[in-house]
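Below, chains carry the letters A, B, ... as their sequence lines are ordered, and counting in each starts from 1.
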There are 2 protein chains.
Amino acid sequence: MKNRLKVLRAERDWSQQELATRLDVSRQSVNAIETGRYDPSLPLAFRIADIFAMPIEEIFLRK
Amino acid sequence: MKNRLKVLRAERDWSQQELATRLDVSRQSVNAIETGRYDPSLPLAFRIADIFAMPIEEIFLRK
DNA sequence: CGTCGTTGTCAAGCATCATTGACAAATAGG
DNA sequence: CCTATTTGTCAATGATGCTTGACAACGACG
């Protein structure tokens, strides 16, 4: 499951720590998701979608 | 995190077992998600969305 | 050169998701 | 009434997600 987190974060000029704080998760979690080591839980995926104001399907990609 | 699985399943007249088979998960997993005992993983949420041919946001609801 | 911010990664531990096998209760159909 | 199907739930186990704390490598900047 790929994702566009790194790009979306770059567009906003946010550090991983900044995004992690907004999501209320650890910086390591953001990093792990970005580097594809694991997928977020569904509730966290919703929070991510909310913060970037776009549907989950536009952030996380099947494959 | 609420969801509309039970209704969507009823619309298609599928048993929990039938949906579980289509999703390639156990019947207990479908039941647990339907009865709100836990949320599916993001990959499973995508498979559910695919099977019902609608976005995740229309099946799973924040709250 | 030294320092700071950022990123990637590891380990250990706890929480959550998903499994199998089992059982009881409710429902539907013959 | 009898039987098969469906649903809800339990326990135990394994796989993932998320945490803290730590450390190394890098680029930017004084």
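- Taking only side-chain atoms of B:R37, from C-beta outward, the nucleotide of D:dC18, C:dT9, D:dT9 with the closest atom is D:dT9.
- Atoms CD (B:E18) and P (D:dT7) sit 9 Å apart, rounded to a whole Å.
- Between the CG atom of A:L5 and the P atom of D:dG17 there is a distance of 14 Å, rounded to whole Å.
- Distances shorter than 4.0 Å separate none of the side-chain N or O atoms of A:R9 from OP1 or OP2 on C:dT6.
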TODO: Give the intermediate values and the outcome of salt bridge (charged side-chain N to carboxylate O under 4.0 Å, His left out) for residues A:R9 and A:E18.
DONE: CA-CA 9 Å; A:R9 199 166 53 73; A:E18 232 169 300; over 6 Å; no
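- Using a 4.0 Å cut-off, no side-chain N or O of B:Q17 falls inside it from OP1 or OP2 of D:dT6.
- Using a 4.0 Å cut-off, some side-chain N or O of B:K6 falls inside it from OP1 or OP2 of D:dG8.
- One finds no side-chain N or O of A:S41 lying less than 4.0 angstrom from the OP1 or OP2 phosphate oxygen of C:dC17.
- A close approach under 4.0 Å does occur between a side-chain nitrogen or oxygen of A:S26 and OP1 or OP2 of D:dT19.
- Of the side-chain N and O atoms in A:N31, none sit less than 4.0 angstrom from OP1 or OP2 of C:dT7.
- The listed nucleotides are C:dA18, C:dT19, D:dC18; the one nearest the side chain of B:Q28 is C:dT19.
- Here the nucleotide nearest the side chain of B:R27, chosen from D:dG8, C:dG8, C:dT19, is D:dG8.
- Protein atom OH of B:Y38 is 13 Å distant from nucleotide atom C1' of D:dG14, rounded to whole Å.
- In terms of polar N and O atoms assigned as donor or acceptor, the side chain of A:E34 never comes within less than 3.5 Å of the base of C:dG8 in a complementary pairing.
- Looking at heavy atoms from C-beta onward, A:R47 lies in side-chain contact with A:V25 at the 4.5 angstrom threshold.
- Put simply, CG on B:D24 is 15 Å from C1' on C:dC17, counting in whole angstrom units.
- If you check every strand for non-hydrogen atoms under 4.0 Å, A:S15 touches sugar and phosphate atoms only.
- When the nearest nucleotides of DNA chain D are assigned to A:R47 and B:Q16 by heavy-atom distance, the more 5′-ward of the two goes with B:Q16.
- Following rounding to the nearest Å, A:M1 (CE) and D:dG17 (P) show an atom-to-atom distance of 11 Å.
- Both A:I51 and A:M54 belong to a common hydrophobic cluster when Ile, Leu, Val, Met, Phe, Trp and Tyr are linked at side-chain heavy-atom distances under 4.5 angstrom.
- Distance from the side chain of A:D39 is smallest for D:dG17 among the nucleotides D:dG17, C:dT19, D:dG8.
- Closest heavy-atom contact between B:A49 and B:I59: CA-CD1, 3.7 Å.
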